[in-house]
Amino acid sequence: MGSEHSNSLGRFQAVRRALLALLIVIAFAALLFVSSDNDVLTHEHIEILGLALIFIGIGGRLWSTLYIGGRKSAEVVSSGPYSITRNPLYLFSTIAAAGVGAQTGSYVVACIFMVLCAAAFHIVALREERFLSTALGEPYVDYRNRVPRFLPNPFLYRDQAEMTFQTGRLRATLVDGLVFLLAIPVLETIELVQELGYVPILLELP
């Protein structure tokens with residue numbers, strides 16, 4: 001039964017990744033025609049803030065993977081980041097997404113990326129909660145009732161003295177996280193293409 005639950009959740013997560021990849025492609029295609037109307041200094045400050053958010057997101061995702069490491073459908077993980085929010089991986093991914101949006105030099109684009117990412121993960125989290133409530137039963141229901149879905153409550157934090165983790169999962173999460181950094185040269189290229197006049201700027205945002 002545990003294997004069936006794991007396979008089912010794995011299939012759902014594969015579909016989730018494919019849909020998110022499609023959304024990312026669409027978002028970057030749209031950014032070809034969008035630019036920041038901020039002055040150079042403000043533009044640079046927003047980009048630097050965005051870079052910090054990306055690193056926070058990557059670090060948070062690694063921290064979360066240390067605790068969950070492939071056990072999501074097998075047991076209730078409720079320590080570390082999972083003691084303050086049920087979906088820390090999604091939370092930190094959303095923070096990183098805001099950082100990616102900020103690489104355009106526009107805080108409006110950063111907020112749009114954050115909201116769209118949070119909305120997508122909210123839908124995914126609702127689906128996973130129904131699945132995990134069935135797969136893990138009362139222990140998960142109790143956990144769900146105690147810990148917030150998305151926004152963390154630091155007063156709930158608790159940890160454990162020792163833990164084990166899967167190095168393969170951690171490595172995969174690091175590779176996934178580096179994709180956020182790849183957005184930087186992509187967006188810089190978009191800015192260059194816009195400056196050279198190869199594509200029209202249809203919308204300027206602060």
Side-chain angles (χ1 to χ4, degrees), residues 1-28 30 53-54 56-101 108-158 165-166 169-170 172-173 175-177 179-180 183:
M1 178 67 75
S3 178
E4 292 178 5
H5 285 319
S6 180
N7 291 337
S8 178
L9 184 60
R11 287 191 297 269
F12 174 74
Q13 290 175 334
V15 173
R16 178 205 70 193
R17 286 192 292 268
L19 289 175
L20 288 175
L22 177 61
L23 288 174
I24 290 171
V25 171
I26 293 173
F28 276 89
L53 292 176
I54 289 174
I56 290 172
I58 292 174
R61 283 172 52 82
L62 290 171
W63 180 39
S64 303
T65 300
L66 284 174
Y67 285 80
I68 197 69
R71 297 183 291 161
K72 189 167 189 174
S73 63
E75 62 183 276
V76 177
V77 178
S78 58
S79 58
Y82 287 88
S83 65
I84 58 176
T85 172
R86 299 201 301 273
N87 296 286
L89 277 167
Y90 297 162
L91 171 64
F92 286 111
S93 294
T94 299
I95 291 172
V100 169
V108 172
V109 174
C111 290
I112 290 173
F113 268 49
M114 179 180 67
V115 170
L116 290 178
C117 190
F121 281 133
H122 178 75
I123 294 171
V124 171
L126 290 177
R127 169 64 179 81
E128 288 186 348
E129 284 176 13
R130 291 193 294 270
F131 172 85
L132 293 172
S133 295
T134 300
L136 302 178
E138 189 61 33
Y140 179 79
V141 173
D142 177 65
Y143 170 68
R144 186 189 65 193
N145 292 336
R146 287 186 294 104
V147 179
R149 175 182 293 123
F150 207 68
L151 294 178
N153 180 353
F155 296 105
L156 296 176
Y157 185 82
R158 65 185 186 84
F165 64 91
Q166 298 180 9
R169 296 274 182 175
L170 192 65
T173 300
V175 172
D176 288 345
V179 173
F180 292 111

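Since the model is a prediction, treat every value here as computed from it, not as a measurement.
Closest non-hydrogen pair, Ala27 versus Phe113, comes out as CB-CZ, 4.0 Å. Here the closest heavy-atom approach between residue Arg144 and residue Arg86 is recorded as O-NH1, 2.9 Å. Taking all atoms of both residues into account, the shortest heavy-atom contact from Phe180 to Ala97 is CE2-N, 4.1 Å. The two residues Arg61 and Asp176 come nearest to each other via the heavy atoms NH2-CB, 3.6 Å.
Looking at residues two or more places apart in sequence or on another chain, you find a side-chain contact (heavy atoms from CB on, under 4.5 Å) between Ile56 and Phe92, Ile95. Residues meeting the side chain to side chain donor-acceptor pair (under 3.5 Å) test with Arg158, sequence neighbours left out: Ser78. Residues meeting the side chain to side chain donor-acceptor pair (under 3.5 Å) test with Ser83, sequence neighbours left out: none. Here Ala183 pairs with Phe28, Val100 under the side-chain contact (heavy atoms from CB on, under 4.5 Å) rule; sequence neighbours left out. For the side chain to side chain donor-acceptor pair (under 3.5 Å) test, no residue two or more places apart in sequence or in another chain qualifies with Asn153. Residues passing the side chain to side chain donor-acceptor pair (under 3.5 Å) test with Tyr143, sequence neighbours excluded: none.
Although no hydrogens or angles enter the test, the distance criterion places a donor-acceptor pair under 3.5 Å between the side chain of Asn145 and the main chain of Val141. Here the side chain of Thr85 pairs no donor or acceptor atom with the backbone of Pro81 at under 3.5 angstrom. When atom types are taken as modelled, the side chain of Asn87 and the backbone of Phe150 share no donor-acceptor pair closer than 3.5 angstrom.
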**Study point:** side chain to side chain contact (heavy atoms under 4.5 Å, CB included) between Tyr90 and His122, intermediate numbers included
**Key:** CA-CA 9 Å; Tyr90 297 162; His122 178 75; over 6 Å; no

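Remark: Glu128 CD to Phe121 CZ distance equals 9.5 Å, nearest 0.5 Å. In this structure, the separation between OG on Ser93 and CD1 on Ile58 is 10.0 Å, given to the nearest 0.5 Å. In this structure, CG in Leu91 is found 8.0 Å from CD1 in Ile84, a value given to the nearest 0.5 Å. Going from atom CG of Leu170 over to atom CD1 of Ile68 covers 13.5 Å, rounded to the nearest 0.5 Å.
With contacts defined as side-chain heavy-atom distances shorter than 4.5 Å, the pair Phe131/Leu136 does not qualify. Under the 4.5 Å side-chain criterion, counting only non-hydrogen atoms from C-beta, Val147 is not in contact with Tyr82. Taking 4.5 Å as the limit, every side-chain heavy atom of Gln166 sits out of range of all side-chain heavy atoms of Thr65. Looking only at side-chain heavy atoms (C-beta outward), Leu156 and Pro148 come within less than 4.5 Å of each other.
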